[in-house]
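Report on the structure given below.
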Amino acid sequence: MSLVKMTNLFAKHDDTSFAVGAFNVSNMEMAWGAIQAAEELNTPLILQIAEGRLKYSPLDLLGEVMLAAARKCKMPTAVHLDHGSTLETIKLALKLGFTSVMFDGSKYPLEENIKRTREVVKLAHAQGAAVEAEIGRVGGAEGDYKSVDVLVTSVDEAKRFAEETEVDALAVAIGTAHGNYTVQPQLRIDRLKEIFDAVQTPLVLHGGTGLTEDDFRNCIAGGIKKINIATASYDNSAKKIREVCDKNPSAKFFDFSNAIVQGTRENVKRHMKIFNPERR
Ligand code: 13P
């Protein structure tokens, strides 16, 4: 009923009052919990899945669930491929009807990242879908890839990359990393603001799990329009399952299934309230 493109959900460039939450989901329960949160808070959202997680939930199966959840949701919902690394997966996401894809070429030298990103932009735009890409390098790993160190995005490279690729959203590296932090990160809000002043393309923050409310607020005020949250939903769902086991050793399948819905719903609501201050 309300499947939309993520670009329709971004705040205008100069509106730094809110950001749209992009929540990774890996099964029907997580997708359902996320759309329940959106409806309860009257807040649009992005449902996404990273290529690195697909061995647990094949894209042709999970993708249909995500699209059905978006159509069912009463709030505008975009369906996005997160950290696409192969053309095969990107093409499948577009064929299924995902409204956007990310191509993550951050492991390539700049020229190569630009060249490959342009190919994806051409492909996706021809099908009416939007594209996110990454410049610099967010730390950690989204999915079962090798963990990498942060490489803070340079202003000049971000500007050149945005102009030459014509991407619809740009993921920047300002000190965050995927997964749980062992040491609280010191975010480069100064660099974020410089990039925001130099580039009109909507900016994306990866590695949202474990940041403080102040971190989120500073990032939104600095120009971030989309914030990715994955690990916190997975962890909260796992925690709820453990609680069910602890309370009732003979708990049944549907108790666990419900724990995942509630774990995701609770986590998505918590983050939506921070990202959209008027929803508090
Ligand atoms: P976290 O797992 O740290 O929340 O990162 C999510 C993300 O950036 C997905 O691309």
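In each ligand, atom 1 is the first atom listed, and ligand 1 is the first ligand listed. This one's a predicted model, so the numbers in the text were calculated from it and none came from an experiment. No hydrogens, no waters, no symmetry mates; every other heavy atom, side chains included, goes into these values.
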Classify the side-chain pair [X]/[Y] by whether it contains a donor and acceptor separated by less than 3.5 Å.
X      : Y      : value
Ser257 : Asp255 : no
Asn267 : Lys269 : no
Asn24  : Asn228 : no

| Among all residues two or more places apart in sequence or in another chain, which pass the side-chain contact (heavy atoms from CB on, under 4.5 Å) test with Ala171? | Met102, Glu132, Glu134, Val204, His206

| Pair listing, salt bridge (charged side-chain N to carboxylate O under 4.0 Å, His left out) test, anchored in residues 2-19, at least two apart | none

| said: Which residues end up grouped with Val4 if you chain together Ile, Leu, Val, Met, Phe, Trp and Tyr wherever their side-chain heavy atoms are less than 4.5 Å apart? | reply: Met6, Leu9, Phe10, Val20, Ile46

Are there any N/O pairs under 3.5 Å between ligand 1 and the protein, and if so, what are their distances?
residue  : atom   : partner : partner atom : Å
ligand 1 : 2 (O)  : Thr231  : N            : 2.9
ligand 1 : 2 (O)  : Thr231  : OG1          : 2.5
ligand 1 : 3 (O)  : Gly179  : N            : 3.0
ligand 1 : 4 (O)  : Thr209  : N            : 3.1
ligand 1 : 4 (O)  : Thr209  : OG1          : 2.5
ligand 1 : 4 (O)  : Ala230  : N            : 2.9
ligand 1 : 5 (O)  : Gly207  : N            : 3.4
ligand 1 : 8 (O)  : His178  : NE2          : 3.2
ligand 1 : 8 (O)  : His206  : ND1          : 3.3
ligand 1 : 8 (O)  : Gly207  : N            : 2.8
ligand 1 : 10 (O) : Asp82   : OD1          : 3.2
ligand 1 : 10 (O) : Asp82   : OD2          : 2.6
ligand 1 : 10 (O) : His83   : NE2          : 3.1
ligand 1 : 10 (O) : His206  : ND1          : 3.0
ligand 1 : 10 (O) : Asn228  : ND2          : 3.2

